[in-house]
Amino acid sequence: MAELVFFSGTMDCGKSTLALQMDYNHSARGRGGILFSRNDRAGESMISSRLGLQTPAVEVRDDTDFWAEVLHCRGKGHNVDYLICDEAQFYSAAQVEQLASIVDEMDIDVFAFGITSDFRTRLFPGSQRLVELADRMEVLQVRALCWCGRRATHNARTVDGVMVTEGDQVVVGDVESRTPAPAVSAEAELPLFADEPLFEDRPLFDDQPLFDAEELLAAGGAGSPTGTEAAPVIGYETLCRRHYMRRVTAQQAAALADAAESASVCCVETKPETFRP
C-alpha cells in the first residue's frame, strides 16, 4: 500500500542525502520515480547534498501540478511508482494535498523531505500540511549540532553573523561555513546577560532591532577597496534551543571567548617587588 511519508529535521542533518539514497535504492529494484525540488542550494532543477552528490530534478513552482506531472510522465511510457519531493517546506498547502491524492488515487509512494519550522520557529505552510496529512513522519537520526555540541533543534538566520528574527519567511541561503567555536562555559556566558535578565515581561521577539543595519552596511562599505557598500551576507545556522533563545551564534560565541581570554590576560596578578634599601 502506498504511503505519504514526511522526513523532517533541521538544516544540515542530511535530508537531501537521504532523498538521493532513497531514489537510488528504489530505482535499483526496477521502480520508476520522479524527483522534485524547489530552491535547492545548487540552483534550479536540482537536488544536491552537502556531501557533493547531486542529480537533476523537476523544479517545483507556484503553479506546479503534481497530478499533471505524473500523467505526463506516464503518457510518455514511463513507470511512476514513487515521488521524491525535496525541500517540501516550500510547497503550498494545495500542492501537498495533491501529493496525498496521488498516494490515495494512484497508489504511488510519496517521500517528502523538508524542515518543519522557519528561523522564527513558525511552521512552513507546506510542512504544516504534511504534518496534518502524512501517513507517518520520521525525524532523521543524523543529528545536526549546535556550536556548543548539543543537538541542534532550531534553524537560525544570520545577517553578517548576527542572528535575526524578522524578515521574509523564504530567503535562499545555506548553513554558514565555520570553524568550531571555542568552548564557552556557562559562567563565561553570564556577562553577556548580566545587565539584562533572559526572560522579562515582554515577548521573546520584540520590535527592537538586533543591530543597526545602516551602521552595519556603512562599516562594510568603509572596508571595501572601492568604497562601495557591501551587501549583507545572509546565512543560516543550526542552534540548540538554549542558544537560539539567547541568540548566541558561533561567531558571537567566538567573540565572547576572545573577550574572556583577553580579560583574563589583563587581570593577571603580579607579585609586588620587595623593596631593598
Side-chain angles (χ1 to χ4, degrees), residues 1-11 13-49 53-118 122-142 155 169-172:
M1 182 178 294
E3 286 186 308
L4 171 58
V5 187
F6 181 33
F7 297 88
S8 66
T10 62
M11 299 181 71
C13 72
K15 297 182 298 299
S16 296
T17 302
L18 179 59
L20 295 175
Q21 180 66 50
M22 185 165 291
D23 174 58
Y24 172 81
N25 291 346
H26 283 264
S27 62
R29 294 295 179 264
R31 304 190 77 201
I34 307 176
L35 281 65
F36 296 93
S37 185
R38 181 167 189 172
N39 297 335
D40 188 88
R41 68 183 69 84
E44 288 193 358
S45 305
M46 191 70 63
I47 296 179
S48 66
S49 165
L53 306 174
Q54 63 180 31
T55 191
V58 177
E59 182 72 12
V60 177
R61 307 185 188 281
D62 292 340
D63 59 351
T64 297
D65 187 326
F66 289 102
W67 189 281
E69 291 287 344
V70 172
L71 293 180
H72 178 71
C73 188
R74 283 184 168 179
K76 290 186 175 181
H78 301 294
N79 291 332
V80 180
D81 303 306
Y82 65 92
L83 304 182
I84 300 291
C85 300
D86 199 24
E87 307 293 353
Q89 71 272 7
F90 297 135
Y91 301 179
S92 68
Q95 288 172 331
V96 173
E97 292 172 3
Q98 291 175 10
L99 295 176
S101 296
I102 288 173
V103 173
D104 296 336
E105 306 300 333
M106 295 186 177
D107 199 32
I108 294 175
D109 287 311
V110 174
F111 306 110
F113 303 81
I115 59 180
T116 307
S117 58
D118 62 15
R122 297 176 184 173
L123 291 174
F124 283 97
S127 299
Q128 179 178 342
R129 201 66 181 124
L130 279 166
V131 170
E132 296 166 346
L133 295 180
D135 294 300
R136 59 187 172 94
M137 287 183 57
E138 293 193 14
V139 178
L140 270 66
Q141 297 302 311
V142 178
N155 304 296
Q169 186 177 53
V170 179
V171 175
V172 179

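Remember, it's a predicted structure, so these values are computed and weren't measured experimentally.
Ala42 and Asp40 make their closest contact through N-OD2, 2.8 Å (heavy atoms, listed as atom of the first residue, atom of the second, distance). Nearest heavy-atom pair across His26 and Arg31 is ND1-NH1, 2.9 Å. The heavy-atom pair separating Gly126 from Val96 by the smallest distance is O-CG2, 3.7 Å. Shown here for Met106 and Leu71, the closest heavy-atom pair between the two residues is CE-CD2, 3.8 Å. Counting all heavy atoms, side chain and backbone alike, Ala19 lies closest to Ile84 at CB-CG2, 3.8 Å. Closest non-hydrogen pair, Lys15 versus Ser8, comes out as CD-C, 4.4 Å.
Gln89 contributes atom CD, which lies 9.0 Å from atom CG of Asn155 (distance to the nearest 0.5 angstrom). Expressed to the nearest 0.5 Å, how far CG of Leu83 lies from SG of Cys73 amounts to 9.5 Å. Remark: Asp86 CG to Thr17 OG1 distance equals 9.5 Å, nearest 0.5 Å. Taken to the nearest 0.5 Å, the CE atom of Met46 stands 12.0 Å off from the OG atom of Ser16. How far CG of Asp109 is from CG of Leu99: 12.0 Å, rounded to the nearest 0.5 Å.
Side chain of Glu87 to main chain of Ile115: no donor-acceptor pair is present (N/O by atom type, distance under 3.5 Å, no hydrogens or angles). The main-chain N or O of Ile102 is never found under 3.5 Å from a side-chain atom of Glu105 such that the two would form a donor-acceptor pair. For Asp81 (side chain) and Gly32 (main-chain N/O), a donor-acceptor pair under 3.5 Å exists by modelled atom type. Remark: side-chain polar atoms of Asp135 are paired, donor with acceptor, to backbone N or O of Leu4 under 3.5 angstrom. A donor-acceptor contact shorter than 3.5 Å is absent between the side chain of Arg136 and the backbone of Val5. No donor-acceptor pair under 3.5 Å is formed between the side chain of Ser127 and the backbone N or O of Leu123. A donor-acceptor pair under 3.5 Å links the side-chain atoms of Glu59 to the main chain of Asn39, judged by distance alone. At distances below 3.5 Å, at least one donor-acceptor pair connects side-chain atoms of Arg74 with backbone N or O atoms of Val80. No side-chain donor-acceptor contact under 3.5 Å links Gln54 to the backbone of Ser48.
Note: Phe7 and Phe113 have parallel aromatic rings, judged against thresholds of 30 and 60 degrees for the angle between ring planes.
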Please report the C-alpha distance between Arg38 and Asp62 in whole Å, then the side-chain angles of each, then the deciding distance to 0.1 Å, and finally whether the salt bridge (charged side-chain N to carboxylate O under 4.0 Å, His left out) criterion is met. CA-CA 10 Å; Arg38 181 167 189 172; Asp62 292 340; 2.6 Å; yes
Would you please test Asp23 and Tyr82 for side chain to side chain contact (heavy atoms under 4.5 Å, CB included) and show each step? CA-CA 9 Å; Asp23 174 58; Tyr82 65 92; 2.6 Å; yes
Which is it for Tyr91 and Phe124 under the ring-ring contact (aromatic ring centres under 6.0 Å, His included) test, yes or no, and what are the steps along the way? CA-CA 9 Å; Tyr91 301 179; Phe124 283 97; over 10 Å; no
Using the rule given for side chain to side chain contact (heavy atoms under 4.5 Å, CB included), can you reason through Val110 versus Cys85, listing the C-alpha separation, both sets of side-chain angles and the distance that settles it, and then say yes or no? CA-CA 7 Å; Val110 174; Cys85 300; 4.1 Å; yes
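Between Glu44 and Arg61, some side-chain heavy-atom pair lies under the 4.5 Å cut-off. Between Phe36 and Glu69 the shortest side-chain heavy-atom distance falls below 4.5 Å. Under the 4.5 Å side-chain criterion, counting only non-hydrogen atoms from C-beta, Leu35 is in contact with Thr55. In this structure, Ser49 and Leu20 have side chains that are in contact, with non-hydrogen atoms separated by less than 4.5 Å.
In this structure, Phe6 has its ring center at least 6.0 angstrom away from the ring center of Phe111.
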